[in-house]
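First comes the structure, then the notes that go with it.
Sequence lines set the chain letters: A, B, ... in the order given, protein chains first and strands last, and positions in each chain run from 1.
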2 protein chains.
Amino acid sequence: MHEGVFRALADPTRRRILELLKAGPMTAGEIAAHFPSRQPTISRHLGVLKQAGLVFDERQGQYVIYHLNATVLQSWLQWLWDRWGGDHNT
Amino acid sequence: MHEGVFRALADPTRRRILELLKAGPMTAGEIAAHFPSRQPTISRHLGVLKQAGLVFDERQGQYVIYHLNATVLQSWLQWLWDRWGGDHNT
DNA sequence: TTGAGGTTTAGCAAAAAGGCTATATAATGT
DNA sequence: ACATTATATAGCCTTTTTGCTAAACCTCAA
């Protein structure tokens, strides 16, 4: 169920992308500008994140805006915690 | 810092190994017996988990007993939650 | 010291992941 | 229709990961 999430998070660049998006939505181009990798490379990372459900995109004119999918991230974290977390009472 | 953990958890077999060890320590052989893969293959997975700090081993005679390292797992989870978790008040 | 059981290491082949360039697609403005 | 900007896809190459077999390494018992 959360397999894609684990795989997606395995890459440091993808984790940094999520960190970026935590601050708010961003176009693909803006995201790419934060990394040394080429635009198509980042585009593919975004694809992996999207397929994992960690982000979603929204086309706005010629731009594609990426959003963090906090819900999926949260539910994954919850699932993790349930399985491996210790005594967090709630 | 937690890079090894992310990489280690990316593989489903390794995650299942951790699940197994949650129930208690186990010898390498016992662990391997739970999987279709060959024993050397599992041995290498154990090596990856060990390097990530997620398990530690203890030789007992000819056996090598693997333990889950709950501490490392916990601190990784904590770190995750601090970064991406929502409003868990504590 | 030899033998057997348990585990790891080496070395290889196949598959997956990541990066790049070139090209395609989408929307915009002229 | 055409050029321009933004993004995605294709195709290629290199590196990493994974699984296997064969061989080495440890420990125990005889």
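A 4.5 Å side-chain heavy-atom check between B:L9 and A:L9 finds every atom pair outside the cut-off. Here the side chains of A:L49 and A:N69 are not in contact, with every heavy-atom distance at 4.5 Å or above. The shortest distance between side-chain heavy atoms of B:L80 and A:W81 does not fall below 4.5 Å.
In this structure, A:D11 atom CG and D:dT17 atom C1' are separated by 14 Å, rounded to whole Å. We find that CZ of B:F6 is positioned 16 Å from P of D:dT17, with the value rounded to whole Å. Atom CD in B:E58 sits about 17 Å away from atom C1' in C:dT8, given to the nearest Å. Atom C1' of nucleotide D:dA8 and atom CD of A:Q51 are separated by 14 Å, given to the nearest angstrom. Across the protein-nucleic acid pair, A:R7 atom CZ and D:dT16 atom P stand 18 Å apart, rounded to whole Å. Between the C1' atom of D:dT9 and the CG atom of A:L46 lies a distance of 14 Å, rounded to the nearest Å.
Between the side chain of A:Q62 and the base of D:dT5, a donor-acceptor pair under 3.5 Å is found.
Comparing A:I65 and B:R14, the nucleotide of DNA chain D nearest to each residue sits closer to the 5' end for A:I65. Each of A:R59 and B:V64 has a nearest nucleotide on DNA chain C; the 5'-most of these lies closest to B:V64.
The closest donor-acceptor contact from the side chain of A:R14 to the backbone of A:R16 lies at 3.5 Å or more, if one exists at all.
At a threshold of 4.0 Å, the pair A:E19-A:K22 counts as salt-bridged, since one of the basic side-chain nitrogens sits closer than that to a carboxylate oxygen.
Contact annotation: B:H45 side-chain N/O to D:dT17 OP1/OP2 distance is not under 4.0 Å. Note on B:Y66: a side-chain N or O is less than 4.0 Å away from OP1 or OP2 of C:dT8.
Taking the six-membered ring where the residue is Trp, B:W79 and B:H2 present tilted rings, their angle falling between 30° and 60°.
In the hydrophobic clustering of ILVMFWY residues, with side-chain heavy atoms under 4.5 Å counting as a link, A:W84 and B:L54 come out together.
Listed by residue number, the members of residues 24-44 of chain B with any heavy atom below 4.0 angstrom from DNA chain D are B:S37, B:R38, B:P40, B:T41, B:R44.
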